[in-house]
Amino acid sequence: MTGTTPVSARAWQRMLSGRRLDLLDPSPMDVELSDIAHGLARVARWNGQTHGEHAFSVAQHSLAVERIFRLQNPDCPAEACQMALLHDAPEYVIGDMISPFKAVVGGGYRSVEQRLEAAIHLRFSLPPHPTASLKALIKKADAISAYFEATRLAGFSEAEARKFFGQPRGVTADMIPIRPMATAEAETLFRARFTEIEAWRGKG
């Protein structure tokens, strides 16, 4: 409109901790565990299209992936386990976008996700990103969790889930927290596991 001053687009998110996180240029100083745990416990996997009284949250998914990662890599260092737990941590700000839609959106989403991952990792004295080999191991654990989530919660047949996520080997559904939890429980367990790993790293 003529005579008005244009308002620049807001690119930051106000957190309950009081932090103001810039999505385009996130600072590690504005990252808090309390915000991550709170946010991930309230972000639903599968766009909420799952069975159960509660949504299956990204916090709970992260716990499952880290547990699978440890089962498959029993000699892994604490730092690797922490990156497995935090593999979807940027979603506390940008939400969980299902893979088909990520493919449509393209590089813009991925760029924001990468910057957030780096800020989160640096906040907790981790490398900005996992190495290619570590990332592959985490993705393997992620696919196994997705298989059980898909077949137990999201209405996929086993044949359909195998097509998209592969056949899990060495891990069964009873080994991971697959029962959807209330948000408060998922948040508490995520924070507790993070703290355990930090103590293991000698950071606690």
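Given the structure is predicted, the values throughout are model-derived calculations rather than measurements. For the single chain, residues carry numbers from 1 onward in sequence order.
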- Item | Arg169 atom CZ, over 12 foreign heavy atoms within 6.0 Å | no
- Task: Kindly determine whether Met15 and Glu32 satisfy side chain to side chain contact (heavy atoms under 4.5 Å, CB included), including the steps that lead there.
- Result: CA-CA 9 Å; Met15 300 297 169; Glu32 297 290 347; over 6 Å; no
- Note on the structure: Rounding to 0.5 Å, atoms CZ (Phe165) and CD (Glu158) come to a distance of 13.5 Å
- salt bridge (Lys or Arg N to Asp or Glu O under 4.0 Å) partners for Arg20, two or more places apart: none
- Message: Can you see whether Thr195 engages Arg191 through a side-chain donor-acceptor pair at a distance of less than 3.5 angstrom?
- Response: no
- Query: Is Asp22 close to Asp30 at the side-chain level, that is, under 4.5 Å between some pair of heavy atoms?
  - Reply: no
- Message: I want to check something: taking the side chain as every heavy atom from C-beta on, are Pro90 and Ile120 in contact at a cut-off of under 4.5 Å?
- Response: yes
- Measure from the side-chain N and O atoms of Gln60 to the backbone N and O of Arg179, and report whether any donor-acceptor pair falls under 3.5 Å. yes
- Query: Do Asp88 and Ser62 have side-chain atoms, one donor and one acceptor, less than 3.5 Å apart?
  - Reply: no
- Point-to-point distance, once rounded to the nearest 0.5 Å, from CD of Gln167 to CD1 of Ile144: 9.5 Å
- Message: Using 0.5 Å steps for rounding, measure from the CD1 atom of Ile178 to the CG atom of Leu153.
- Response: 5.0 Å
- Item | Heavy-atom donor-acceptor pair, His54 side chain to Pro180 backbone, under 3.5 Å | no
- Please determine, by modelled atom types, if Thr183 and Glu187 share a side-chain donor-acceptor pair under 3.5 angstrom. no
- Query: Under a 4.5 Å side-chain heavy-atom rule over Ile, Leu, Val, Met, Phe, Trp and Tyr, are Leu24 and Met29 clustered together?
  - Reply: no
- Message: Checking the side chain of Gln82 only, and the main-chain atoms of Ile197 only, is there a donor and an acceptor separated by less than 3.5 Å?
- Response: no
- Can you name the closest pair of heavy atoms from Ala55 and Thr50 and give their distance? CA-OG1, 4.4 Å
- Message: Check whether Arg152 reaches the backbone of His51 with its side chain - one donor and one acceptor, N or O, closer than 3.5 Å.
- Response: no
- Query: For the residue pair Asp35 and Tyr92, what are the closest heavy atoms and their distance?
  - Reply: O-CD1, 3.4 Å
- Item | Within one Ile-Leu-Val-Met-Phe-Trp-Tyr cluster: Trp12 and Val31, side-chain cutoff 4.5 Å | no
- Heavy-atom closest pair, residues Trp46 and Ala146: CZ2-O, 3.6 Å
- Does Glu113 pair with Arg110 as a salt bridge, N-O distance under 4.0 Å? yes
- Query: About how many Å separate CG of Asp25 and CG of Leu116, when rounded to the nearest 0.5 Å?
  - Reply: 10.5 Å
- Item | Nearest-0.5 Å distance that lies between atom CZ in Arg123 and atom OG in Ser27 | 10.0 Å
- Task: Mind running side chain to side chain contact (heavy atoms under 4.5 Å, CB included) on Leu134 and Phe69 for me, showing each step along the way?
- Result: CA-CA 10 Å; Leu134 176 57; Phe69 178 79; 3.6 Å; yes
- Does the side chain of Leu40 come within less than 4.5 Å of Ser57's, by heavy atoms? no
- Decide yes or no on side chain to side chain contact (heavy atoms under 4.5 Å, CB included) for Phe190 and Leu86, but give the supporting numbers first. CA-CA 10 Å; Phe190 183 93; Leu86 294 170; 4.2 Å; yes
- Item | For Arg115 against Leu23, the heavy-atom pair lying closest together | NE-O, 4.4 Å
- Message: Donor-acceptor check, side chain of His121 to backbone of Ala118, threshold 3.5 angstrom: yes or no?
- Response: no
- Could you please spell out the steps behind the salt bridge (charged side-chain N to carboxylate O under 4.0 Å, His left out) verdict for Lys163 and Glu160? CA-CA 5 Å; Lys163 176 182 176 182; Glu160 190 176 25; over 6 Å; no
- Considering all heavy atoms, the nearest Ala84-His87 contact: O-ND1, 2.8 Å
- Query: Do you know the tightest heavy-atom contact between Ser125 and Glu79?
  - Reply: O-OE1, 4.4 Å
- Message: Distance check, rounded to the nearest 0.5 Å: Leu122 atom CG versus Glu117 atom CD?
- Response: 10.0 Å
- Task: Mind running side chain to side chain contact (heavy atoms under 4.5 Å, CB included) on Val171 and Tyr147 for me, showing each step along the way?
- Result: CA-CA 11 Å; Val171 179; Tyr147 173 90; over 6 Å; no
